[in-house]
S.K.: 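Please see the structure below; I have some questions.
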Amino acid sequence: MIKITEKAIDVQKVIETASSLSAGAVNVFVGTVRNKSHDKNVVWLEYEAYEAMAVAEIRKIIDEAAHKWDLLGWAVSHRIGTLKPGEVAVVVAVSSPHRKASFEACQFIIDNVKAKAPIWKKEVFEDGGEWVDARPISASMNN
Amino acid sequence: MIKITEKAIDVQKVIETASSLSAGAVNVFVGTVRNKSHDKNVVWLEYEAYEAMAVAEIRKIIDEAAHKWDLLGWAVSHRIGTLKPGEVAVVVAVSSPHRKASFEACQFIIDNVKAKAPIWKKEVFEDGGEWVDARPISASMNN
Amino acid sequence: MKYTLKTFGITRDILGGREVDFEMDGMKVSELKSELAARFPEMKSLNSLLIAVNNQYAADDLILAETDEIALIPPVSGG
Amino acid sequence: MKYTLKTFGITRDILGGREVDFEMDGMKVSELKSELAARFPEMKSLNSLLIAVNNQYAADDLILAETDEIALIPPVSGG
């Protein structure tokens, strides 16, 4: 299951989707909104995705992971829209017969989703907002 | 939170216990009962723990992890009693500011819990039961 | 040639629209990038800019068609 | 000396009880281990046997007291 959604993510459901009766291990990464960034208070985050392409890119990443590790189940859910600190932005869950593979595959997937999936976030502080990583830090800090 | 319990583990609750508003990353390991072991059907598993000591050993493991990585929250819950295939036997959740630390700390904790905590499981097959890892494989296979 | 550009993240703020018509003589992805930089100097301040064509990241020498779905991909920051 | 042994996992099957009284002359953990192997030969088939005293894994030369909480720890298999 690959899902880009405006609704709150049900972590338990994502885990169940990735689970398998023949898997002993499920590894889950939950990315949440932090209340601080660059020592400033985060009021909220805006996420947007190029949806069709994001799903296609995540599918490629999953295929690559399934080629490297013995995966029995997997699920990726990414939220878009307005998120408050503490809310869940992304969940990746994978199951495999043994735990080492579940850790490695889950980390591979989230690392690549963050690096390649066309999804963007804007951090909104008390004094304005900023697209994360869009510009060099020195430039963006002067905004 | 360290918990040894006869009741079904609420994974979502364990994750929430480990989460923190200042953490962007939560890694979670869920160990489930497999329906096969050594190519035989598992009918159920019996888990038992030396509870007071198990809690003390897990606490030592957590302390060691908190010393090595920047942990903002953590929770370990281990089930005991009779478990059917698919049921959750153990959940480890840790949160940290960055995801790499959350993966490494979670793996360290589950690896050590499995190696050191005084908890035992007996696999019950259609033709009898066996304490896992108690004897060399050749001996136990002849049982 | 007249292309339609989908914009995301900071490129939407710079170009000022979700879908922007863009006329230029060139037909290559590399030419689109230089034209964007020429007409919107702020584009040069981005850490990176990729172009996606029909939901795939495109190489610089890819030839664009007016019917392609063309998207501007500034540095991603999901997760 | 008379000790009380808590048993777990396969050691409970071998000794036949959750808490077992155990009399012997020795007072060291190492002596308890050899006595167990002598009286319950099946103990020798285990992959390992640790002794916990008062909720801590004990070294072989630790001296046991009759009031200690002594537990037999066969190979663990949690998770």
Side-chain angles (χ1 to χ4, degrees), chain B residues 2 4 9 29-34 37 45-61 76-80 83 88-92 106-107 109-123 128-140 142-143, chain D residues 3-22 29-30 32-79:
Chain B
I2 299 170
I4 310 283
I9 297 174
F29 177 82
V30 181
T32 56
V33 177
R34 297 169 66 174
S37 181
L45 254 60
E46 287 287 339
Y47 276 92
E48 75 162 327
Y50 181 11
E51 282 197 43
M53 184 175 169
V55 170
E57 284 295 313
I58 294 170
R59 188 166 299 279
K60 277 188 222 166
I61 295 163
V76 176
S77 198
H78 202 301
R79 181 129 174 242
I80 52 173
L83 276 77
V88 172
V90 63
V91 179
V92 175
C106 187
Q107 190 162 11
I109 293 168
I110 185 63
D111 284 355
N112 278 281
V113 165
K114 283 179 176 255
K116 295 181 186 165
I119 301 174
W120 298 268
K121 64 170 163 266
K122 184 186 218 164
E123 287 174 338
E130 199 166 306
W131 290 102
V132 174
D133 292 337
R135 308 189 218 233
I137 287 177
S138 56
S140 59
N142 293 334
N143 271 1
Chain D
Y3 304 98
T4 304
L5 308 181
K6 279 179 182 288
T7 62
F8 292 97
I10 197 166
T11 64
R12 181 169 305 157
D13 298 347
I14 296 173
L15 269 70
R18 193 170 283 271
E19 299 221 335
V20 175
D21 288 336
F22 196 83
V29 165
S30 56
L32 170 60
K33 283 184 181 172
S34 11
E35 272 301 309
L36 281 166
R39 292 186 218 173
F40 302 96
E42 224 187 322
M43 294 295 281
K44 288 182 248 180
S45 74
L46 302 189
N47 279 327
S48 71
L49 178 71
L50 294 175
I51 305 296
V53 176
N54 302 326
N55 291 336
Q56 305 258 17
Y57 288 114
D60 272 350
D61 57 2
L62 186 81
I63 305 291
L64 299 166
E66 289 185 326
T67 52
D68 281 337
E69 181 171 314
I70 303 169
L72 309 192
I73 313 285
V76 301
S77 53

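Only heavy atoms go into these numbers, but all of them, side chains included; no hydrogens, no water, no symmetry mates. Numbered from 1 within each chain, the chains take letters A, B, ... in sequence-line order.
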S.K.: Count the heavy atoms belonging to other residues, nucleotides or ligands that lie under 6.0 Å from CZ of D/Arg39, then report whether that count exceeds 12.
M.R.: yes
S.K.: Going by an N to O cut-off under 4.0 Å, is there a salt bridge joining D/Glu42 and B/Arg135?
M.R.: yes
S.K.: What I want to check is whether the side chains of B/Tyr50 and D/Glu69 have a donor and an acceptor closer together than 3.5 Å.
M.R.: yes
S.K.: Against chain D, label B/Ala89 side chain, backbone, both or neither, depending on which of its atoms sit under 4.5 Å from a heavy atom there.
M.R.: side chain
S.K.: Identify which part of B/Val132 has an atom lying under 4.5 Å from any heavy atom of chain D, answering side chain, backbone, both or neither.
M.R.: both
S.K.: Between B/Glu57 and B/Lys116, is the closest basic N to carboxylate O distance under 4.0 Å?
M.R.: no
S.K.: Between B/Lys114, B/Lys60, B/Lys122, which has the largest tally of heavy atom pairs under 4.5 Å with chain D?
M.R.: B/Lys114
S.K.: Does any heavy atom of chain B fall under 4.5 Å from the side chain of D/Asn54, the backbone, both, or neither of them?
M.R.: neither
S.K.: Measuring heavy-atom distances to chain D, does B/Tyr47 have an atom under 4.5 Å in its side chain, in its backbone, in both, or in neither?
M.R.: side chain
S.K.: Non-hydrogen atoms of chain D under 4.5 Å away: do they reach the side chain of B/Ala49, the backbone, both or neither?
M.R.: backbone
S.K.: Can you tell me if D/Asp68 uses its side chain to pair, donor with acceptor, with the backbone of D/Val53 under 3.5 Å?
M.R.: no
